[in-house]
Amino acid sequence: MGQGGQTAASDGTFFGRVSPAGVVIGALAFAAALWPSLIPRSGVVQGALAGLAFGIGYFIGFIAVEIWAWAVQPKFVARARLVRRSKMAMLFAIVPIMGALWLATAWQNDIRNVMQMEPVESTRPLLIGAVAFAVALVLLVLGRVFRLLLRLVARRVAAFLPERIALLIGFAAVLWIFWTLGTGIVSHWGLAAMDRIYAKIDAFDPPDFARPADPRRSGSAQSLVSWEGLGAKGRDRIAAGPDAAAISALSGRPAQDPLRVYVGLNNAPDPAARADLALREMLRVGAFDRSVLVITFPTGTGWVDPAAMAPLEYLLDGDVATVGVQYSYLPSWLSLLAEPEYGAETARAVFQKVYGHWTEMPKDRRPKLYLFGLSLGAMNGDLAADFYDILTDPYQGALWAGPPFTTRSFLNVVAGRNAGTPVWAPRFRDGRIIRFTSQKDTTDLAEAPWGAVRIVYLQYASDPIVMFRAESFWRRPDWVQIPRGPDVSPSLTWVPGVSGLQLVFDMMTATSTPVGHGHVYAAKDYLAGWRAVLGETGWEGQSLLDLQSALAKQGL
């Protein structure tokens, strides 16, 4: 790059000079990555996050200096003076790294304290440092490979074009190569491998998990749905939950066995066929003869949270039928990456089949119809029911728990919340149709009584799957403002870029929290949501307290 303007990109050695600007920015990013975010992290996860933050910070510092040198072409003396000063600054980079490691335990304990968790051990900084060093080293080696390829490409292009243009073309070409290889490995190898792994998990059938004898259960000998095709989550759904005896023992009233219809991914070849099978199974067992019918939209793996279903079945004394259809083996976040449209396609097919039959029934003889979804199930359920299709004959209500940040209606409602209400506990208009709740039941905080349709959103302030926004990388999110949610660390600080990266890690570990925090919703909070959606159920006073206690003893 002109006399004395040689860049690191043109340094011929693989282990060339270290970028002082890269080290300084990387060290600051490392320190910021260890600050509290929404989810408590293990030492390994903290180390991986900090190492990744250092690597990205190093790359930003390195590229910034190279772009400046490419654009300005400073004289050798001026550049040499800058490099000497940068090397002196680099010596101080150890200060934020060591300081952050020293405070990492206290910062994590701030999060754990608001979630009533035991404090972590003081030796954790050693583990964080070791993991971060390994991750950063791998990233730096990849950066050296990038630089070497850039030098090779730029040298060949420079034979025909000016050096500046050659470097620009070389950078673009190598960036494209890395992007293509990276996305190819992730999509064609990584996701395929994960799909195979989770397919085997889905097929696993514990020896003591017997096929149901009750002919009204999906997977029984009389069922239209094969037991093997239900998958692990489907078999869990059919077997889990209270029966009539358990409900009566708690309520003191006669009860029925709840009807649970489920169709697995392997029970039929495509979404339309699975939806048709689900409807036929519902008709076989008499699902439309119950007083309440609930369409459940599972998470990515096909899981329907028992902590959500048990309160529903108790509240209705078993006089309820639920239906769910699996669309993937993968966890929700992987399913969203690998097959984002497939869950919505299945949800629409199931809703249209069930809702279509329901609307054909006489209004005085059909059950009340409700919808339920957790996480990706909430997003898919939101997409399933088109507003214009149901306007003349709406269902009675919905309970959406932990709706992802990509959920269309949820985003619109939160954006249009009443002035002065926080994003983690919003109120929408007069509360006639839509209300919110969390660890504290706030469904009664409304200016107007419930209308014909009741929709409740259950969300926690510490749930990153709900609170994440892409703009969190460059703009301070609303949930950081004061007052904060009850389970958000008071030490949490927003840092451009780094906080967005923290939230990405938080989303991947959102279910590692205790029940009642993060993305792990508690039965007592589902109970509050269902009571608001269903209305009067007969469980009040001491019986309601007994139900809450029984659910807690079951670990829900």
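Given the structure is predicted, the values throughout are model-derived calculations rather than measurements. Heavy-atom basis, side chains included; hydrogens, waters and symmetry copies ignored. We count residues from 1, following the sequence as given.
In this structure, the side chain to side chain donor-acceptor pair (under 3.5 Å) partners of Gln116, at least two apart in sequence or on a different chain, are His517. For Asp317, the salt bridge (Lys or Arg N to Asp or Glu O under 4.0 Å) partners at least two apart in sequence or on another chain are Arg253.
For the 3.5 Å distance criterion, the side chains of Thr513 and His519 fail to qualify, holding no donor opposite an acceptor. Side-chain contact annotation: Asp382 with Ser409, donor-acceptor N/O pair under 3.5 Å present. Inspection of the Tyr521 and Asp463 side chains reveals an N or O donor paired with an N or O acceptor under 3.5 Å. In summary, the side chains of Gln439 and Asp487 do present a donor paired with an acceptor at a separation below 3.5 Å, with no hydrogens or angles considered. A donor-acceptor pair shorter than 3.5 Å cannot be found between the side chains of Ser218 and Arg237.
Heavy atoms of other residues, nucleotides or ligands lying less than 6.0 angstrom from CZ of Arg427 number 12 at most. In this structure, Gln542 places its CD atom where more than 12 heavy-atom neighbours from other residues, nucleotides or ligands lie under 6.0 Å away.
Taking the six-membered ring where tryptophan is involved, the planes of Phe372 and Tyr526 are perpendicular, since the angle between them exceeds 60° and thus also 30°.
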Passes salt bridge (Lys or Arg N to Asp or Glu O under 4.0 Å), Asp478 versus Arg417? Steps please.
-> CA-CA 12 Å; Asp478 291 342; Arg417 67 188 182 275; 3.3 Å; yes
Which donor-acceptor pairs under 3.5 Å do side chains of residues 34-46 form with protein atoms, sequence neighbours excluded?
residue	atom	partner	partner atom	Å
Ser37	OG	Arg41	NH1	2.5
Ser37	OG	Asp506	OD1	3.1
Ser37	OG	Asp506	OD2	2.9
Arg41	NH2	Ala33	O	3.0
Arg41	NH2	Trp35	O	3.3
Ser42	OG	Val45	N	3.3
Gln46	OE1	Arg124	NH1	3.1

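Annotation: cation-pi pair Arg476/Trp494 absent, no NZ/CZ under 6.0 Å from the ring centroid and within 45° of its normal.
The side-chain contact (heavy atoms from CB on, under 4.5 Å) test with Gln256 is passed by exactly one of Leu316, Ile247, Asp319: Asp319.
Aromatic rings of Tyr457 and Phe410 (six-membered ring for Trp) have centroids within the 6.0 Å cut-off, being under it.
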